[in-house]
Undergrad: 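Right, I'll just put the structure down here and ask away after.
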Amino acid sequence: MPSELTQEERSSLAQSIAEFHTYQLGPGSCSSLHAQRIHAPPEIVWSVVRQFDKPQTYKHFIKSCSVEEGFEMRVGCTRDVIVISGLPANTSTERLDVLDEERRVTGFSIIGGEHRLVNYKSVTTVHRFEKERRVWTVVLESYVVDMPEGNSEEDTRMFADTVVKLNLQKLATVTEALARNAAGEGGGSQGNVI
């Protein structure tokens, strides 16, 4: 359970963590769970997270993303990602595994490309919180991945954790700016954003 959450948030998220963010680990694999509190309504956060064809909107290390002509966002669709230089990866082919609009759950697997993240699967969930007319969002992102040959669990987790944490921080920056802009245009009807 991420330590940055309050006790109230942890209690509220326990079922989602059990359902979406718990993995059966085999030998040679590791997983992790991260949380990001975002001072924006979940509708705005979800509008960014759900864009499988535009991960570069909030993911730091993506240079570009392409999808097939006539792309339809549905479970099973794929995207081809080109990663910025300097990482131990060049390209990644990713498949959308989960897209639940009502529950705000999405997840993908890396199924090909030039990279070291073998059998990488990730799930992201977006959660609404409200207290005293203040609204905020907690985003949970978890992953499971095989440890590359020659890498320790610590090395693998350190690399993947750094990428996930930086992406969640950028997601917060992007969506908090969208929320401020929406409130400035009279769109702040969802309570005060904290």
Undergrad: Classify the side-chain pair Asp161/Ser32 by whether it contains a donor and acceptor separated by less than 3.5 Å.
TA: yes
Undergrad: Sequence neighbours left out, what passes side chain to side chain contact (heavy atoms under 4.5 Å, CB included) with Ser12? Give chain and number order.
TA: Phe129
Undergrad: Set out, in order, the CA-CA distance, both residues' side-chain angles and the distance that settles side chain to side chain contact (heavy atoms under 4.5 Å, CB included) for His127 and Leu13, then state yes or no.
TA: CA-CA 8 Å; His127 306 272; Leu13 295 168; 3.2 Å; yes
Undergrad: Which pair of heavy atoms, one from Ala35 and one from Leu5, lies closest together, and at what distance?
TA: CB-CD2, 3.7 Å
Undergrad: Is it true that the side chains of Ser64 and Gln56 contain a donor and an acceptor less than 3.5 Å apart?
TA: no
Undergrad: Would you check if Val139 and Ile38 make a side-chain contact, meaning some heavy-atom pair closer than 4.5 Å?
TA: yes
Undergrad: Would you check if Val83 and Ile62 make a side-chain contact, meaning some heavy-atom pair closer than 4.5 Å?
TA: no
Undergrad: Consider only side-chain N and O atoms of Ser152 and Glu154, and report whether a donor and an acceptor are under 3.5 Å apart.
TA: no
Undergrad: Between Phe52 and Pro55, what is the shortest heavy-atom contact and its length?
TA: O-CD, 3.4 Å
Undergrad: Would you find a donor on one side and an acceptor on the other, under 3.5 Å apart, between the side chain of Thr175 and the backbone of Ala40?
TA: no
Undergrad: Are Met158 and Leu33 linked, directly or through other ILVMFWY residues, by side chains that come within less than 4.5 angstrom of each other?
TA: no
Undergrad: Does a side-chain heavy-atom distance below 4.5 Å link Asp155 with Arg157?
TA: no
Undergrad: Using the test side chain to side chain contact (heavy atoms under 4.5 Å, CB included), find all partners of Glu101 that sit at least two apart in sequence or belong to another chain.
TA: Trp46, Arg50, Leu99
Undergrad: How long is the gap from OG1 on Thr106 to CD on Glu141, to the nearest 0.5 Å?
TA: 10.0 Å
Undergrad: Enter the distance from Ser109:OG to Asn119:CG here, rounded to the nearest 0.5 Å.
TA: 8.5 Å
Undergrad: Mark yes or no for whether Glu94, through its side chain, and Ile110, through its backbone, hold a donor-acceptor pair below 3.5 Å.
TA: no
Undergrad: Report yes if the side chains of Lys54 and Cys65 come closer than 4.5 Å at any heavy-atom pair, otherwise no.
TA: no
Undergrad: Below 3.5 Å, can you tabulate the donor-acceptor pairs from side chains in residues 164-172 to any protein atom, sequence neighbours excluded?
TA:
from	atom 1	to	atom 2	distance (Å)
Asn167	OD1	His60	N	2.9
Asn167	ND2	Val163	O	3.3

Undergrad: Is there side-chain contact between Gln36 and Val138, with at least one heavy-atom pair below 4.5 Å?
TA: no
Undergrad: Transitively linked via ILVMFWY side-chain contacts under 4.5 Å: Leu140 with Trp136?
TA: yes
Undergrad: Using links of under 4.5 Å between side-chain heavy atoms of ILVMFWY residues, direct or through other members, which residues join Phe20 in one cluster?
TA: Tyr23, Leu25, Val98, Val105, Val123, Val144
Undergrad: As a quick check of understanding, evaluate side-chain hydrogen bond (donor to acceptor under 3.5 Å, both in side chains) for Ser29 and Asp146, giving each step before the final call.
TA: CA-CA 4 Å; Ser29 63; Asp146 289 351; 4.6 Å; no
Undergrad: Please collect all side-chain hydrogen bond (donor to acceptor under 3.5 Å, both in side chains) contacts where either partner lies in residues 66-78, sequence neighbours excluded, each pair once.
TA: none
Undergrad: Apply side-chain hydrogen bond (donor to acceptor under 3.5 Å, both in side chains) to the pair His21 and Thr125, showing each step before the final yes or no.
TA: CA-CA 9 Å; His21 301 285; Thr125 55; 2.8 Å; yes
Undergrad: In terms of hydrophobic clusters joined by side-chain contacts under 4.5 Å, are Ile82 and Phe71 together?
TA: no
Undergrad: Output yes when Glu130 and Arg128 qualify as a salt bridge under the 4.0 Å nitrogen-oxygen rule, no when they do not.
TA: yes
Undergrad: If you draw the axis of the six-membered ring of Phe108, does the NZ or CZ of Arg95 fall within 45° of it and under 6.0 Å from the ring centre?
TA: no
Undergrad: Taking atom types as modelled, find out whether Asn151 and Thr156 have a side-chain donor-acceptor pair closer than 3.5 angstrom.
TA: no
Undergrad: Treating Ile, Leu, Val, Met, Phe, Trp and Tyr as nodes and any side-chain heavy-atom pair under 4.5 angstrom as an edge, say whether Phe159 and Ile84 lie in one connected cluster.
TA: yes
Undergrad: For Leu178, enumerate each residue passing the side chain to side chain contact (heavy atoms under 4.5 Å, CB included) test, keeping only those at least two apart in sequence or located in another chain.
TA: Ile44, Val48, Val174
Undergrad: State yes or no: do Val67 and Met73 share one hydrophobic cluster built from I, L, V, M, F, W and Y residues joined by side-chain heavy-atom distances below 4.5 Å, directly or via other members?
TA: yes
Undergrad: With side chains defined as the heavy atoms from C-beta onward, is the minimum distance between Cys30 and Val145 less than 4.5 Å?
TA: yes
Undergrad: Does this structure show an ion pair linking Glu9 with Lys131, if we count only N-O contacts that are shorter than 4.0 Å?
TA: no
